[in-house]
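Heads up: the structure comes next, in structure tokens.
Quick note: numbers below take in every heavy atom, side chains included, and nothing from hydrogens, waters or symmetry partners. It should be emphasised that the depicted structure is a prediction, and the values quoted were computed from it without experimental measurement. In what follows, every chain begins at residue 1, and chains take the letters A, B, ... in the order their sequences are listed.
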Protein chains: 2
Amino acid sequence: MGDGAAEKVRPRDRILGTARDLFHKHGIRGVGIDAITEAAGTNKMTLYRHFDSKDDLIIECLRTVACDANAIWNQFEAEHPNDKLGQLQAWVRTVADGLKVDGRGCDMANAAVELTEDDHPARQVIKELKTAQRDRLVGLCRDAGIEQAELLADTLSLLLEGARVSRQSVGAEGPSAQFVRMAEGVIASFRNTARA
Amino acid sequence: MGDGAAEKVRPRDRILGTARDLFHKHGIRGVGIDAITEAAGTNKMTLYRHFDSKDDLIIECLRTVACDANAIWNQFEAEHPNDKLGQLQAWVRTVADGLKVDGRGCDMANAAVELTEDDHPARQVIKELKTAQRDRLVGLCRDAGIEQAELLADTLSLLLEGARVSRQSVGAEGPSAQFVRMAEGVIASFRNTARA
DNA sequence: CTAGGGTGTGACCGGTCTGTAACTTCTGCC
DNA sequence: GGCAGAAGTTACAGACCGGTCACACCCTAG
């Protein structure tokens with residue numbers, strides 16, 4: 001029931017999509033393989049034919065998350081061509097909207113919290129993808145003409161990461177509600193600092 | 001073996017201490033009751049005689065974490081009497097040291113990430129205790145003569161929260177390494193803002 | 001000495017978890 | 001139409017989970 005047109009999607013992609021959704025909502029450790037296959041309208045054997053293990057599925061999910069994030073970055077560039085500062089402001093706005101809409105934070109960060117084993121295969125993937133995101137933000141800040149681009153990018157990163165986890169701890173009315181004001185203030189502060 | 005003097009500690013306190021330690025290291029969902037009782041040198045029945053359930057134990061652990069945090073706050077006051085700005089700087093330094101030493105973040109925030117059920121009994125406790133911490137930081141900022149005390153406190157909160165989760169994602173050499181510089185910069189910026 | 005409360009022991013329950021095996025059914029392509 | 005490969009089904013293995021039970025123990029207070 002209610003499947004309809006979506007049925008044409010390959011089982012692998014259905015599994016990937018629903019797993020990502022369920023992991024996001026209930027946490028990685030809070031979702032079992034059976035729940036994923038059932039929600040994806042398939043079965044356990046098919047899942048294990050496409051993915052070596054749950055860990056493999058987790059990693060593949062994180063990659064699609066990063067892929068979607070990159071698509072949004074590209075959208076910023078398309079909507080504000082040759083306006084790096086506009087792209088940075090779009091980033092702030094978009095990210096702040098996400099904070100209001102979604103109660104759970106960053107899938108990568110959440111995964112890092114949940115998967116506590118130091119040698120978990122997903123850990124290096126998380127580090128890799130998170131670092132790529134940081135690099136992209138640093139590049140944007142640098143292109144926007146900010147002197148201390150790394151420091152601004154890192155500051156914005158921590159503010160965002162903090163806002164997302166704070167939202168999960170104390171809710172949307174907590175400190176995370178001030179994210180836009182903070183981010184814009186920090187950006188303005190860095191733009192005025194030709195001295196330093 | 002290796003117990004010795006610590007044997008005089010009551011089972012309840014041993015359970016509480018080791019549970020807190022294991023939860024911190026491996027995450028709440030990553031530690032079973034059996035692992036706790038074994039590490040605490042006791043057994044499951046004794047645990048359940050002192051705590052109604054695992055959820056109850058989790059909540060009690062979080063309370064001791066908050067209690068310890070409050071003790072550190074009191075220490076700041078004792079070491080820098082009548083010097084609110086000194087207390088704020090001590091907070092920054094202490095918190096930054098914690099970032100270097102400990103690879104896992106805030107137990108409350110981690111618990112909020114792990115316990116995804118909206119009505120989980122620990123969630124309201126987390127919210128309550130986190131709010132209390134925020135209030136204390138706001139009070140400190142206000143007493144230090146900062147005009148926009150709430151905004152500064154919230155900014156510092158998000159920076160810290162973000163630094164702790166970033167450390168788990170990309171390691172100690174990532175953005176979290178700049179926490180002190182960011183925090184001091186933000187504080188200085190708020191002190192100079194009598195205008196605004 | 002004795003009574004009683006706190007503690008330890010081992011078995012057990014029902015449930016869930018990841019992952020596998022053998023077999024059947026469907027689907028797309030020549 | 002028929003064939004190969006993908007997908008579905010059922011059952012199962014082995015481990016672990018939170019939680020309970022009946023019972024034996026020990027230590028201390030009276």
| task | List in numerical order all residues of residues 42-54 of chain A for which some heavy atom is under 4.0 Å away from an atom belonging to DNA chain C. | result |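 Within this stretch, A:Lys44, A:Met45, A:Tyr48, A:Ser53, A:Lys54 sit under 4.0 Å of the strand.
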With no hydrogens and no angle check, do the side chains of [X] and [Y] hold a donor and an acceptor under 3.5 Å apart?
{"X": "A:Gln124", "Y": "A:Glu128", "result": "no"}
{"X": "A:Arg181", "Y": "A:Gln178", "result": "yes"}
{"X": "A:Thr18", "Y": "A:Asp21", "result": "no"}
{"X": "B:Asn43", "Y": "B:Thr46", "result": "yes"}

So how far is it from [X] [atom1] to [Y] [atom2], rounded to the nearest 0.5 Å?
{"X": "A:Leu152", "Y": "B:Met182", "atom1": "CG", "atom2": "CE", "value": "9.5 Å"}
{"X": "A:Arg20", "Y": "A:Leu57", "atom1": "CZ", "atom2": "CG", "value": "12.0 Å"}
{"X": "B:Gln87", "Y": "B:Glu79", "atom1": "CD", "atom2": "CD", "value": "9.5 Å"}

| said: I'd like to know if A:Val65 and A:Leu160 are part of one continuous hydrophobic network [Ile/Leu/Val/Met/Phe/Trp/Tyr, side-chain heavy atoms within less than 4.5 Å]. | reply: no
| said: Could you see if A:Val170 belongs to whatever hydrophobic cluster contains B:Met108? Use Ile, Leu, Val, Met, Phe, Trp, Tyr and a side-chain cutoff under 4.5 Å. | reply: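 No, it is not one cluster - the side chains of A:Val170 and B:Met108 are not joined through contacts under 4.5 Å.
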| query | Can you check the A:Ile15 CD1 to C:dT18 C1' distance for me, whole Å? | reply | 15 Å
| request: Report the residues that fulfil side-chain contact (heavy atoms from CB on, under 4.5 Å) with A:Asn110, sequence neighbours left out, ordered by chain and then residue number. | output: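 Listed in chain order: A:Arg104, A:Gln168, B:Val113.
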| query | What are the 5'-most and 3'-most nucleotides of DNA chain D lying under 4.0 Å from any heavy atom of chain A? | reply |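 Extent of the interface on DNA chain D: D:dA7 to D:dT9.
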| field | Contacts of A:Thr42 that satisfy side-chain hydrogen bond (donor to acceptor under 3.5 Å, both in side chains) - sequence neighbours left out | value | none
| said: Please list, in numerical order, the residues of residues 28-39 of chain B that have a heavy atom closer than 4.0 Å to any atom of DNA chain D. | reply: B:Val31, B:Gly32, B:Ile33
| query | Do the side chain of B:Glu161 and the main chain of A:Ser166 share a donor and acceptor less than 3.5 angstrom apart? | reply | no
Between protein and nucleic acid, restricted to nucleotides 25-28 of chain C and to nitrogen or oxygen atoms under 3.5 Å apart, what atom pairs and distances do you find?
none

